[in-house]
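In this text, all values refer to a predicted model and were calculated from it rather than measured experimentally.
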Amino acid sequence: MKEWVAFPILGSGSTGEERRNVSRPVMLVGFLAQANLGLGYLASVLREKGYRVEIVDFESEPEHILEQAKSLDPVLIGFSLIFQFYIERFHSLIGLLRKAGINCHFTMGGHFPSLSYQQALEFIPELDSVVRFEGEDTLLELADLIGSGRDWRAIRGLAYRNGDEITANPLRPLIDDLDRLPYPDRNYAPAMVLGHPIIPILASRGCARTCSFCSIHMFYRSAPGKVVRTRKPAQVVREMRHLYQERGATVFLFQDDDFPLFGPVWQRWTREFVAELYRSGLAGRVLWKISCRADAVDPELFAEMRAAGLYFVYMGLESGTEEGLKTLHKEITVEQNLRAVEVLKKLDLAFQFGFMLFEPSSTFESIRENLAFLRAIVDDGCVAVAFCRMIPYDGTPIKDELVRTGRLKGDVCHPGYDFLDPRLDRFYHALTQVVDLRGWIHGYGSLSPKINIAWSEISVLERLFPPLADMADYKQALRELTKASNDVLFQIVEATALEFSGGIPSRWNKDRLDFECNRFLDSLIEMRDGFMLRHQDTLLKALHREDLLEHACA
Ligand code: B12
Ligand code: SF4
């Protein structure tokens, strides 16, 4: 039997009440590792209006996704493409579903399809439409109209295939009041750190800055409406309190691109947020992590935030040269980057940073300068160094510039560029052949991320557990290991650079490096696991999990 409910059609100029048919569910497919707030919000908005929503992990077997689609018989399937380089994989999944006879409406949202809707619809001919920019209201309207058999083609914020043409409707303004949205669906088992659930959350959407390599600010700037919207501090804390009480959430990851911190208005926002944490009794009971820029790191404000539970900071430093910062349009100086790191260290706040050692203006000189910068900030072994090559994502000013200067190479899944000095291309290639960047720097099982996880665990141990006797020794040992591993990485990059700039052969090869990498990983695991085992009684008691202790002893 069909279920019909009365509803006003959102924003398409409809007058009066229409009928909503919620008898068929909506299926959403996306990347779910470490949770997905975008899909969570879409699902909760639809559910609030009576729809059954199934969120399916894009990483599960395509046959499993097909089975789900067959058994659900959804009114539409929404695909979430937030990582541009996944488009080929989405294409093959969507093609498979269509070939197998799934004939409901297929739509897609996320950064790439929003900014490059034409390419997305051309690349994936099986797609019927693209929901551009923030998707909550547009997706709901799409489901409503399709479900009730009405014409959906006039929906604001939608681009769709119209015969051989592609039509893009006028855009829908960004959501003005984020607090009107229900809390995002979080119907999953959260990741844990030392027995504490980690929950992602948003305090704001959008970013006021204009870094040339970033698709975020272009995403929020391209739609009408206010680029940055902050929630009310009291509402954010209410959500945290709800998660604390209902899910036992103690570690919150703010996924805001740029936590509201910069300038007097947002500093006031953060102070109010901190005050709310105290008012609600959460300060001292929960930890939270933010991402921000270096120029927002104010010593006094960060000291207050630290006292209220801030335990980890991710900063996009991106470059240690003035020229690089200019190319990346960071509107910040090397001095400001250095100062921010110094402030965090003085406050004993754990941090990590984004760094683009390779970008389109790179030269051997800039690589040297950047390595000197990196050495300076990590010389005390407080964080494992990581760096990457800038990728020119669609919709970004730097990609447009590379197109304009005829330097853009590759395709939508592997966008790239050559350096101005061809020796640098050979250097980069050789470096990635010798250093398996995925084994050392990137990827969850790699050395640098593993070391940094150990550091973030220490912040949790120091803030959520009773004092542990040999913590100082453990920290010192981890610092030495971090220093040694950073040093090997620096040596390799420097030696490889010298080989290609000065013809001096490098003595590093892949075997030697793999040996070093594994040696570091082995010592890390031994050191970290040894420490945890020594303290497991105290840790389990603090978590009220003595039952596990009995198990361990038996
Ligand atoms: C959290 C996060 C992660 C997390 C979790 C991702 C997840 N499962 O959600 C982790 C840590 C895993 C991650 C990893 C990476 N990330 Co990331 N990540 C983010 C971040 C900071 C927040 C995502 C978020 O929660 N946003 C808030 C929600 C509400 O917004 P949203 O996701 O955009 O969803 C809205 C709309 O896009 C739209 N929408 C989205 N999907 C759909 C689907 C449908 C059907 C509809 C209708 C609408 C719709 O509606 C949603 C609600 O309004 C974004 C930046 C950002 N602001 O989005 C980067 C971002 C998505 N990441 C990015 C990148 C590059 C990466 C990495 C490659 C980094 C790296 N070097 O390793 C990896 C890739 C992982 C992999 N699989 O290989 C880039 C993607 C760039 C691009 N154009 O491709 C972004 C945009 C950051 C940036 N500054 O450039 N990431
Ligand atoms: S990189 Fe960060 S600060 Fe720069 S525009 Fe993007 S989100 Fe904003």
Side-chain angles (χ1 to χ4, degrees), residues 178-179 193 196 198-209 228-244 249-317 332 335-353 377 380 382-383 455-467 475:
L178 294 176
D179 287 318
V193 52
H196 288 275
I198 309 176
I199 301 277
I201 186 165
L202 281 181
S204 66
R205 289 190 188 177
C207 176
R209 315 306 185 81
V228 181
R229 288 123 318 127
T230 46
R231 295 175 60 195
K232 288 186 195 64
Q235 292 297 337
V236 178
V237 173
R238 230 179 110 218
E239 185 177 353
M240 290 168 80
R241 191 158 178 82
H242 168 80
L243 291 164
Y244 176 76
T250 31
V251 180
F252 292 90
L253 301 186
F254 279 96
Q255 302 291 28
D256 307 39
D257 304 300
D258 192 24
F259 195 79
L261 283 169
F262 188 67
V265 172
W266 286 336
Q267 288 196 345
R268 248 198 328 275
W269 187 98
T270 296
R271 288 210 157 89
E272 181 57 27
F273 169 67
V274 164
E276 284 293 339
L277 283 173
Y278 282 105
R279 246 173 252 143
S280 69
L282 283 185
R285 293 184 188 181
V286 301
L287 298 181
W288 40 288
K289 177 196 161 192
I290 60 161
S291 298
C292 68
R293 289 182 24 132
D295 53 2
V297 179
D298 175 87
E300 275 171 33
L301 182 58
F302 271 64
E304 290 167 35
M305 290 158 71
R306 190 192 188 287
L310 175 67
Y311 85 110
F312 210 91
V313 177
Y314 180 88
M315 271 191 305
L317 298 179
I332 207 170
E335 188 48 44
Q336 282 173 297
N337 272 349
L338 288 169
R339 208 184 124 266
V341 170
E342 203 184 299
V343 170
L344 296 182
K345 284 185 184 181
K346 273 203 184 122
L347 292 172
D348 190 23
L349 260 170
F351 69 97
Q352 277 175 34
F353 55 88
I377 62 172
D380 56 355
C382 62
V383 50
W455 277 115
S456 91
E457 278 179 352
I458 287 179
S459 310
V460 174
L461 284 171
E462 289 183 329
R463 312 281 290 272
L464 290 181
F465 289 88
K475 276 172 90 169

Asks: Which distance, rounded to the nearest 0.5 Å, do you find between the CG of Leu464 and the CD of Glu457?
Replies: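 The CG atom of Leu464 sits 12.5 Å away from the CD atom of Glu457.
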Asks: Do side-chain atoms of Arg231 reach the backbone of Leu202 as a donor and acceptor pair under 3.5 angstrom?
Replies: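 A pair under 3.5 Å: yes.
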Asks: What distance separates Cys292 SG from Asp256 CG, expressed to the nearest 0.5 Å?
Replies: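 Here the rounded value is 11.0 Å.
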Asks: Let me confirm one number: the CG-NZ distance from Leu461 to Lys475, rounded to the nearest 0.5 Å.
Replies: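 It is 10.0 Å, given to the nearest 0.5 Å.
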Asks: Looking at Ala294 and Ile332, what are the two nearest heavy atoms and their distance?
Replies: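 Scanning both residues, the minimum pair turns out to be CB-CD1, 3.8 Å.
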Asks: Ignoring hydrogens, what is the shortest heavy-atom contact between Ala340 and Met315? Give both atom names and the distance.
Replies: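 That would be CB-SD, 3.8 Å.
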Asks: Within the side chain of Asp258, is there an N or O that forms a donor-acceptor pair under 3.5 Å with the backbone of Cys207?
Replies: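 Checked: no pair found.
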Asks: When Glu239 is tested against each of Ile199, Ile201, Asp179 for side-chain contact (heavy atoms from CB on, under 4.5 Å), which residue passes?
Replies: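 When side-chain contact (heavy atoms from CB on, under 4.5 Å) is applied between Glu239 and each of Ile199, Ile201, Asp179, only Ile201 qualifies.
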Asks: Does the pair Thr250 and Tyr244 meet the rule for a side chain to side chain contact (heavy atoms under 4.5 Å, CB included), with working shown?
Replies: CA-CA 6 Å; Thr250 31; Tyr244 176 76; 4.0 Å; yes
Asks: For Trp455, give me all partners under ring pair (Phe, Tyr, Trp, His ring centres under 6.0 Å), at least two apart in sequence or on another chain.
Replies: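 Here no residue qualifies.
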Asks: Have Gln235 and Arg238 got a donor and an acceptor in their side chains that come within less than 3.5 Å?
Replies: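 Yes.
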Asks: What's the shortest heavy-atom distance between Val274 and Ala308, and which atoms?
Replies: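 Where Val274 meets Ala308 most closely, the heavy atoms are CG1-CB, 3.7 Å.
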Asks: Any chance CZ of Arg339 has more than 12 other-residue heavy atoms, nucleotides or ligands included, within less than 6.0 Å?
Replies: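 Incorrect, the count does not exceed 12.
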Asks: Less than 4.0 Å between a side-chain N and a carboxylate O, is that true for Lys345 and Glu342?
Replies: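 Salt bridge flag = no for Lys345 with Glu342.
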Asks: Indicate yes or no: does Asp348 engage Arg306 in a salt bridge with an N to O separation below 4.0 Å.
Replies: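 Arg306 and Asp348: salt-bridged.
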Asks: Would a 4.5 Å heavy-atom cut-off, applied to side chains only, mark Phe262 and Arg293 as touching?
Replies: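 Answer no - side chains too far apart.
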Asks: First locate atom CD of Glu462, then atom OH of Tyr311, and finally report the distance between them rounded to the nearest 0.5 Å.
Replies: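 Reported value, rounded in 0.5 Å steps: 13.0 Å.
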Asks: Could you tell me whether Phe351 and Phe302 have their ring centroids closer than 6.0 angstrom?
Replies: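 No, ring centres 6.0 Å or more apart.
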Asks: Contact between Met305 and Leu261 at the side-chain level, heavy atoms closer than 4.5 Å - yes or no?
Replies: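 Side chain of Met305 against side chain of Leu261, heavy atoms only: contact under 4.5 Å found.
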Asks: What I'd like to find out is whether the side chain of Phe353 reaches to under 4.5 Å of the side chain of Asn337, using heavy atoms alone.
Replies: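 Heavy-atom side-chain distance check fails, nothing below 4.5 Å.
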Asks: Are the side chains of Thr270 and Glu304 in touch, meaning some heavy atoms are under 4.5 Å apart?
Replies: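 They are not in contact (no side-chain heavy atoms under 4.5 Å apart), so the answer is no.
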Asks: CG of Leu310 to CG of Leu349: how many Å apart, nearest 0.5 Å?
Replies: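 Leu310 atom CG to Leu349 atom CG measures 5.0 Å (nearest 0.5 Å).
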Asks: Can a donor-acceptor pair be found, under 3.5 Å and without considering hydrogens, that links the side chain of Thr230 to the backbone of Ala203?
Replies: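 Not a single qualifying donor-acceptor pair exists.
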Asks: Can you list everything that forms a salt bridge (charged side-chain N to carboxylate O under 4.0 Å, His left out) with Arg205? Sequence neighbours excluded, please.
Replies: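 If we apply the salt bridge (charged side-chain N to carboxylate O under 4.0 Å, His left out) test to Arg205, skipping adjacent residues, the hits are Glu134, Glu136.
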Asks: Roughly how far, to the nearest 0.5 Å, is OG of Ser280 from CE of Met240?
Replies: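 So the gap between those two atoms works out to 7.5 Å.
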Asks: Under a 3.5 Å distance rule, please check whether Arg463 uses its side chain to pair with a backbone N or O of Leu287 as donor and acceptor.
Replies: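 Side chain of Arg463 to backbone of Leu287, a donor-acceptor pair under 3.5 Å: no, none is there.
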Asks: Which atoms form the tightest heavy-atom contact between Phe312 and Ser459, and what is the distance?
Replies: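 For Phe312 versus Ser459, the nearest heavy atoms are CD1-OG, 4.5 Å.
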Asks: Which atom pair, heavy atoms only, marks the closest approach of Gly206 to Val228?
Replies: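 Here Gly206 and Val228 meet closest at C-CG2, 3.9 Å.
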Asks: Test of understanding: with ring pair (Phe, Tyr, Trp, His ring centres under 6.0 Å), list the residues that count as partners of Phe465, not counting sequence neighbours.
Replies: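 Partners of Phe465 by the ring pair (Phe, Tyr, Trp, His ring centres under 6.0 Å) criterion, ordered by chain and then number, come out as His196.
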Asks: Would you find more than 12 non-hydrogen atoms of other residues, nucleotides or ligands less than 6.0 Å from Arg285 atom CZ?
Replies: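 Not buried by this count: 12 neighbours or fewer within 6.0 Å.
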Asks: Going through the checks in order, is the ring-ring contact (aromatic ring centres under 6.0 Å, His included) test met by Trp269 and Phe259?
Replies: CA-CA 10 Å; Trp269 187 98; Phe259 195 79; 5.7 Å; yes
